[in-house]
Novice: 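Sharing a structure with you now.
What you see is a predicted model, and the numbers here were worked out from it, not measured in a lab. A, B, ... follow the sequence lines: proteins, then strands. Residue 1 opens every chain.
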Protein chains: 4
Amino acid sequence: MPSASQIQPRKTPRQGRSRASYEAILTAAAQILERQGAAGLSTNTVAERAGVSIGTLYQYFPGKEAITAELVRRIKAQLLADLSQALEEARGLSMREAAEIMLAASIRHHARAPELSRELERIEELLPLDPETEAVAANIHAALGALLAGYGVAEPAVAARDLTALSKGMVHAALFAGETDLARIEARLLPAVLGYLGLDPGERCARRG
Amino acid sequence: MPSASQIQPRKTPRQGRSRASYEAILTAAAQILERQGAAGLSTNTVAERAGVSIGTLYQYFPGKEAITAELVRRIKAQLLADLSQALEEARGLSMREAAEIMLAASIRHHARAPELSRELERIEELLPLDPETEAVAANIHAALGALLAGYGVAEPAVAARDLTALSKGMVHAALFAGETDLARIEARLLPAVLGYLGLDPGERCARRG
Amino acid sequence: MPSASQIQPRKTPRQGRSRASYEAILTAAAQILERQGAAGLSTNTVAERAGVSIGTLYQYFPGKEAITAELVRRIKAQLLADLSQALEEARGLSMREAAEIMLAASIRHHARAPELSRELERIEELLPLDPETEAVAANIHAALGALLAGYGVAEPAVAARDLTALSKGMVHAALFAGETDLARIEARLLPAVLGYLGLDPGERCARRG
Amino acid sequence: MPSASQIQPRKTPRQGRSRASYEAILTAAAQILERQGAAGLSTNTVAERAGVSIGTLYQYFPGKEAITAELVRRIKAQLLADLSQALEEARGLSMREAAEIMLAASIRHHARAPELSRELERIEELLPLDPETEAVAANIHAALGALLAGYGVAEPAVAARDLTALSKGMVHAALFAGETDLARIEARLLPAVLGYLGLDPGERCARRG
DNA sequence: AATGAATGAGGCTTCATTCAT
DNA sequence: GATGAATGAAGCCTCATTCAT
């Protein structure tokens, strides 16, 4: 298991060619994860696809883990941004409406690059997240927890985790099975979320024949 | 990606020393998956932990994949048995009661060796399952689908997949977070399942403060 | 390089089941050499094709080399027998007629199982021949040398070696190229042999357009 | 049996350290073949003798086969060059004189590193030659065939193969037996070649006592 | 900074051979 | 005698990482 220092980028260049190489490496890694999965990801393949030498790759990252860790960091930040925006929209709405909005945002997030996000989640479990990423993850959870708490949900932290996990599970499975209609996935998932929250799934009930 | 012949055991000995080695190899592999994850699994580590030579390992399995494939086969068979029994018990009961029984069986299954079952699920996605295992998996799905169809659920196959996936997602997350009280997990999951199925989560609603 | 003791059979059983196993092993080895070449020859494949256990194989032979050594021994003995018979027939004939007879015998020998004899020749070069086999080989050479000496050929031992080698080379190449008409091969080879011996290739000259 | 891509070098470096490693690997392989034969040739032994790491070897060659294939390529190119030069010299001479010149060139070629060329010929039979090497081999054959056709030899392609094979056979055997005087070998071989071609071996006849 | 040649630990697999039953 | 399970040395190859230029 890689130590904390091995997942920090060596330097995060701010400009010029350096910056371009840095980004090229991350882009290459993301593409490989999306297209070939973790098995295809090696420092050599990343460098090659990025169009930089292996030496350059090591200038910016202390190792392979650091590259994936940065991808995790970014996708988490992206998720936080997406959900924050959804939270804005959800402010003041009913719990049911809020759930719908949050769910839609979450599904869109997973659907953007399903294989990539799947691989990154797998990787996340193996990696010791660095404090910054942990903080972002905690933020996401906290925001969601706060929302839930606002609606009087008991144990909002647990509920946040449960809802996140069950959504991920179902959405990934649906995408993996080849579904592409996000609205349909959401329509099936929403009643489960509402049920979890103790709300009558109501008129959207599509599961009874 | 391993071909079909790469995941069949080379010989499946029925008795004596031979049988003991075969089982020792599988046990060792399961332990490694449980404790160190797939990353720690190599033909060498398995043979060493099993207390057999690497040559012996290859007498029985054409490679690492075949070992994990056999573990998948077994855990799937076990799941089928567990769920079949639960189905027996659920026969004739109300949908809510049936859901409770099935859920309990499923959670017990995952909780038996959570890391192992998690790793095997991950591996399953990468492995071309052999026909026999596919058949078992299809049986499980079919049984669940039939149960759901019996209660008038629309698209029972999709519902079976959705419920399986969301349950797995939530249960794994809860176990991963260190929870050990399976009843509590079940109590939180059940309303989501009932909600998915269009039932009023009803009086068990523990999520509202 | 295997030592002398490793190429002697452990025991050469004279009767019964033992004898049958012993022969089955040799036959299996010969078939594998003929069909798959030396690369396909392993103690396990030989035992399997012979229908005996690997343990039994080692009862009769101290190792793989001993099996091939015995095949070499036998094919050499066969060659000696064939050539001796040809020598009988050649006795008293002209050098040209004698050459023709010897050549025909030699080509028939190689053609009987061309791949096998080819493989055994290759193996021969790697193996320290045991004294008995060496003696057989020496006999062949001596017989041929004596024949040549009888016709007044200078350095008959060298000539025997030269003629053997050039014949083998050409015959193997022709067979390898797919030729099956032994008479045609012989018709082309004979003038070379006669030329080597200082005889006018004469009326059989088929090589000038 | 190795596929076509398995016998192409991975990269053919043109200068510097890289080039030195590449050549060192080939030299080491040639030495091992010369001294210990194909049985002694392994990626490990080659790397060790070359003084490079196993990793470096695999930078340049995808496997053992690719190394030997390159050696075959080179020796064939060398042979083509040698024979082409001999053909120049033979232009316009009598068939007998031409044969002498070609034979001398061929013997010199084999004598340069007899064991190596022997091993490479053996290897050639097992390897699927790459198109480039095939082309070189075809060139050699074609040049020889053309020469023979020019003298009115029937079936020049067959004659080229026969003469090549019988020469190789005799020369290798003579070298293997320890002969070092190439002129003597040539003196014995020439009459056989002339005989094959239907020429009176003539006054050079040294084989009659 | 960038390059890419070099490294070698470590994973995979075969196969000749032994030995307890 | 016969069996076949077990062994492990030895070969194959990849890939993360270093370092001289």
Novice: Donor-acceptor pair, C:Glu119 side chain versus C:Gly37 backbone, under 3.5 Å?
Specialist: no

Novice: Just the rounded figure in Å: distance from P of F:dC12 to CZ of D:Phe61.
Specialist: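 So the CZ-P distance, D:Phe61 to F:dC12, works out to 15 Å.
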
Novice: Go nucleotide by nucleotide along DNA chain E from the 5' end; which of A:Gln59 and B:Thr45 gets its closest nucleotide reached first?
Specialist: A:Gln59

Novice: Which string of ( ) [ ] | and . matches DNA chain E, if you list each base 5' to 3' and count Watson-Crick or G-U pairs only when both distances are under 3.5 Å?
Specialist: .||||||||||||||||||||

Novice: Under 3.5 Å, is there a donor-acceptor pair linking the side chains of D:Arg10 and D:Gln59?
Specialist: no

Novice: So D:Gln8 and D:Asp130, side-chain contact (heavy atoms from CB on, under 4.5 Å) or not? Walk me through it.
Specialist: CA-CA 8 Å; D:Gln8 296 296 342; D:Asp130 60 302; 3.3 Å; yes

Novice: Distance from C:Glu70 atom CD to C:Ile25 atom CD1, nearest 0.5 Å?
Specialist: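 C:Glu70 CD to C:Ile25 CD1: 11.5 Å, rounded to 0.5 Å.
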
Novice: Whether the side chain of C:Thr27 engages the backbone of C:Glu23 through a donor-acceptor N/O pair (distance < 3.5 Å, no angle test) should be reported.
Specialist: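 Yes; at least one donor-acceptor contact below 3.5 Å.
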
Novice: Do the ring planes of D:Phe61 and D:Tyr22 sit parallel (below 30°), tilted (30 to 60°) or perpendicular (above 60°)?
Specialist: parallel

Novice: Quick one: closest heavy-atom pair of A:Tyr60 and A:Ser21, and the distance?
Specialist: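 Distance-wise, the nearest heavy atoms are CE1-CB, 3.9 Å.
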
Novice: Looking at C:Thr45 and C:Leu41, would you say the former's side chain and the latter's main chain have a donor-acceptor pair under 3.5 Å?
Specialist: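 Not at all, since once roles are kept as given, no pair shorter than 3.5 Å links the two residues.
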
Novice: Which is true for A:Thr43 with a 4.0 Å heavy-atom rule: it touches a base, it touches only sugar-phosphate, or it touches nothing?
Specialist: base

Novice: Please lay out, stage by stage, how D:Glu125 and C:Arg118 fare under the test salt bridge (Lys or Arg N to Asp or Glu O under 4.0 Å).
Specialist: CA-CA 12 Å; D:Glu125 290 179 21; C:Arg118 190 66 183 277; 2.8 Å; yes

Novice: Return the value, rounded to whole Å, for the distance between atom CD of D:Gln6 and atom C1' of F:dC12.
Specialist: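 It works out to 12 Å between those atoms.
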
Novice: Under a 4.0 Å threshold between the charged nitrogen and the carboxylate oxygen, would B:Arg73 count as salt-bridged to B:Glu134?
Specialist: no

Novice: F:dC12 phosphate, OP1 or OP2: any side-chain N/O from D:Lys64 under 4.0 angstrom?
Specialist: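 Yes, such a contact exists.
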
Novice: By a strict heavy-atom criterion of less than 4.0 Å, which residues belonging to residues 50-58 of chain D are in contact with DNA chain F?
Specialist: D:Ile54, D:Tyr58

Novice: Contact boundaries of DNA chain E with chain D (under 4.0 Å, heavy atoms), 5' to 3'?
Specialist: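 Terminal contacting nucleotides, 5' to 3': E:dA5 to E:dA9.
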
Novice: Would the number of heavy atoms belonging to other residues, nucleotides or ligands and lying under 6.0 Å from CD of B:Glu48 be above 12?
Specialist: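 Counting neighbours around CD of B:Glu48, 12 or fewer heavy atoms of other residues, nucleotides or ligands fall under 6.0 Å, so no.
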
Novice: Taking for each residue the nucleotide of DNA chain F with the nearest heavy atom, is it C:Asn44 or D:Ser42 whose nucleotide lies nearer the 5' end?
Specialist: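 Final value for this comparison: C:Asn44.
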
Novice: Indicate whether OP1 or OP2 belonging to F:dT14 is found under 4.0 Å from a side-chain N or O atom of D:Arg10.
Specialist: yes

